[in-house]
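Residues: numbered from 1 along the sequence shown. Start at 1 and go down the list; that is how both ligands and their atoms are numbered.
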Amino acid sequence: MADNSNSVFEMALEQLHDAAKRLELDQSTLNVLSHPEREYTVAVPVVMDDGRIEVFTGHRVQHNSARGPCKGGIRFHHDVSIDEVKALAMWMTWKCAVVNIPYGGAKGGVQVDVTNLSKEEIRRLTRRYTVGIMPIIGPHSDIPAPDVNTNSETMGWIMDTVSMFRGSTTLEIVTGKSIDLGGSLGRREATGRGVMFNTLEILKRLGKAPDHTSVAVQGFGNVGSVSADLLHREGCKIIAVSDVSGGYYNENGLPIQEMIKYCETSKNHTLEGFDGNDTQKISNEELLTANVDVLVPAALEKQITVKNAKDVKADIIVEGANGPTTPEAERILRKKGKYVVPDILANSGGVVVSYFEWVQSIQSFFWDEDEVNSNLKRVIVNSFKAVWDLAEREEIDMRNAAMMIAVNRVAKALKERGIFP
Ligand code: GLU
């Protein structure tokens with residue numbers, strides 16, 4: 001179904017319904033979980049550098065707060081829609097639940113192509129969007145974080161904007177801040193580090209050594225580049241990576257550190273124009289179907305579809321992005337005996353360290369990086385084990401197992417709280 005429609009939210013609903021069926025969840029609870037608690041849409045007028053006023057559209061969706069304050073990133077992208085934000089908010093609920101951190105799920109986004117905007121325009125857009133959603137965000141109700149095309153600088157602007165209105169500096173209103181502004185050590189790398197821990201865990205279960213493992217990574221932003229770097233440091237051979245400028249391939253292994261360095265100063269921070277020794281250009285489709293052991297889709301939703309799923313050669317897919325595999329494509333992968341480490345587990349490292357950052361900001365007591373990374377490892381390794389063991393016991397795939405654990409936790413919280421009034 002989801003492959004034929006453009007709705008990412010339908011895709012998220014299909015995953016929820018699958019898990020609900022296995023859990024024999026009652027219809028009333030399923031009904032509640034199928035509906036986001038709140039959908040908020042705001043106009044974001046921005047005075048552009050040339051004096052024109054452009055009006056962008058922004059959203060913030062809170063899916064469910066049964067287990068705690070809502071949590072989730074904000075993305076700036078030209079494909080942002082309310083449908084997409086609803087799906088991403090729902091996935092945040094399951095992500096926080098599967099790793100057992102005390103949050104519900106939310107997501108925000110502004111429909112904008114940031115490559116056309118100056119830094120000052122992006123700053124004004126961020127501040128105006130923040131004021132737009134200010135009635136519903138708060139350090140104990142809904143805590144934003146970075147996502148596609150937003151970063152620690154964006155979070156600093158959000159923190160400052162809210163603090164100006166409150167009249168006091170409120171570090172805990174966002175996570176993913178810079179270290180100078182009360183961010184957490186290790187937060188920037190956390191999603192990629194989580195992808196790396198998850199990959200090492202599945203390799204261990206399948207009896208494969210990292211130094212005998214080849215990897216392709218789709219996306220070279222915060223998630224893709226750090227995943228590639230850390231997996232490379234663990235001994236894996238990264239033979240293909242891609243970003244919006246296309247794919248880069250070297251069967252003997254790519255110079256990942258060099259590529260990361262290149263992006264620091266390149267236009268729009270992409271790999272466009274990168275010219276490493278023996279590096280070949282490949283298409284995005286070629287990357288997804290490359291002859292590797294592990295594929296890490298770390299870009300956007302709906303990349304592995306009915307069109308290319310049958311050609312995916314990697315035995316292991318570790319979902320660095322949210323929703324990269326459609327349900328229909330996943331059925332094909334499953335039939336072919338592939339392992340998919342689902343997004344809600346695979347990329348949960350970011351929100352786990354966001355939780356650590358929030359705790360540190362509230363306590364005004366900051367941890368050293370080893371403490372952050374070892375706590376992250378503990379959470380990921382334990383969560384992976386719970387998902388893997390359930391999948392084995394029930395003879396189901398890891399997505400279903402992760403969803404069963406997550407939905408069950410949220411459903412329990414919901415039952416204990418009851419429906420207001
Ligand atoms: N945007 C990230 C995600 O999709 C991080 C969210 C957070 O840290 O709140 O998981």
Side-chain angles (χ1 to χ4, degrees), residues 8 12 59-65 67-77 80 84-99 101-110 133 137-152 154-155 158-159 171-178 182-184 186-195 197-198 219 221-224 226-227 296-301 318-324 341-361 372 375-376 379-380 383 402 406:
V8 204
H59 309 283
R60 183 78 185 168
V61 173
Q62 297 166 349
H63 170 255
N64 188 280
S65 61
R67 301 182 69 254
C70 294
K71 186 86 191 77
I74 287 171
R75 66 172 57 178
F76 292 165
H77 195 271
V80 162
E84 181 195 42
V85 180
K86 276 164 66 179
L88 291 162
M90 183 187 274
W91 286 326
M92 284 309 303
T93 303
W94 313 138
K95 196 183 298 186
C96 295
V98 79
V99 291
I101 55 175
Y103 286 138
K107 199 79 168 201
V110 179
I133 62 169
I137 60 170
H140 294 284
S141 53
D142 181 357
I143 306 120
D147 198 79
V148 176
N149 290 329
T150 56
N151 55 25
S152 59
T154 328
M155 297 306 113
I158 295 175
M159 192 279 283
L171 295 181
E172 60 271 32
I173 179 67
V174 282
T175 59
K177 303 178 293 290
S178 72
S184 174
R187 173 62 185 86
R188 191 185 64 78
E189 301 85 1
T191 311
R193 190 173 296 277
V195 167
F197 288 144
N198 272 290
N222 182 245
V223 182
V226 176
S227 303
V296 180
L300 293 167
E301 303 92 63
V318 183
E319 295 185 327
N322 294 309
V341 184
D343 47 7
I344 58 170
L345 175 65
N347 69 41
S348 62
V351 75
V352 169
V353 177
S354 272
Y355 168 53
F356 299 158
E357 178 177 334
W358 183 70
V359 168
Q360 293 170 76
S361 288
V372 173
N375 274 298
L376 171 62
V379 172
I380 298 288
S383 307

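For atom 1 (N) of ligand 1, the closest non-hydrogen atom of the protein is D147 OD1, 2.7 Å. Regarding atom 9 (O) of ligand 1, its nearest protein heavy-atom neighbour is K71 NZ, 2.8 Å. Residue, atom and distance of the protein heavy atom nearest to atom 10 (O) of ligand 1 are K95 NZ, 2.6 Å. Protein heavy atom at the shortest distance from atom 8 (O) of ligand 1 is S354 OG, 2.5 Å.
Not one N or O of N347 is nearer than 3.5 Å to an N or O of ligand 1, by distance alone.
Contacts between N322 and ligand 1, counted as non-hydrogen atom pairs separated by less than 4.0 Å, involve the side chain only. By the criterion of a heavy-atom distance under 4.0 Å, the backbone of P146, and not its side chain, is placed next to ligand 1. At a heavy-atom cutoff of 4.0 Å, ligand 1 is contacted by the side chain of R187 but not by its backbone.
Within ligand 1, counting atoms from 1 as listed, the ones closer than 4.0 Å to a heavy atom of K107 are 1 (N), 3 (C), 4 (O). Taking a cut-off of under 4.0 Å to the non-hydrogen atoms of M92, the atoms of ligand 1 that pass are 3 (C), 4 (O), 6 (C), 10 (O). Per-residue contacts place G72 under 4.0 angstrom from the following atoms of ligand 1 (heavy atoms of the residue considered): 9 (O).
For atom 6 (C) of ligand 1, the nearest non-hydrogen atom from the set G350, G73, G349 belongs to G73. Here atom 7 (C) of ligand 1 lies nearest to A145 when heavy atoms of A106, A145, G176 are compared.
Between E301 and R75 there is a salt bridge, since a side-chain N of the basic residue sits under 4.0 Å from a carboxylate O of the acidic one. Electrostatic pairing of D147 and K107 counts as a salt bridge here, judged by a charged N lying under 4.0 Å from a carboxylate O.
Proximity of a side-chain donor or acceptor of N151 to a complementary backbone N or O of T154 within less than 3.5 Å is detected. Not a single donor-acceptor pair under 3.5 Å links the side chain of K71 to the backbone N or O of G105. Listed for the E357 side chain is a donor-acceptor partner under 3.5 Å among the backbone atoms of K177.
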#### Entry: Residue pair D142, R60: steps toward the salt bridge (Lys or Arg N to Asp or Glu O under 4.0 Å) verdict
CA-CA 10 Å; D142 181 357; R60 183 78 185 168; 2.6 Å; yes
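A donor atom on one side chain and an acceptor atom on the other are found under 3.5 Å apart for S354 and R187.
Taking the side chain as every heavy atom from C-beta outward, V110 and V80 never approach each other to under 4.5 Å. Side-chain atoms of E319 and P342, non-hydrogen and from C-beta on, do get closer than 4.5 Å to each other.
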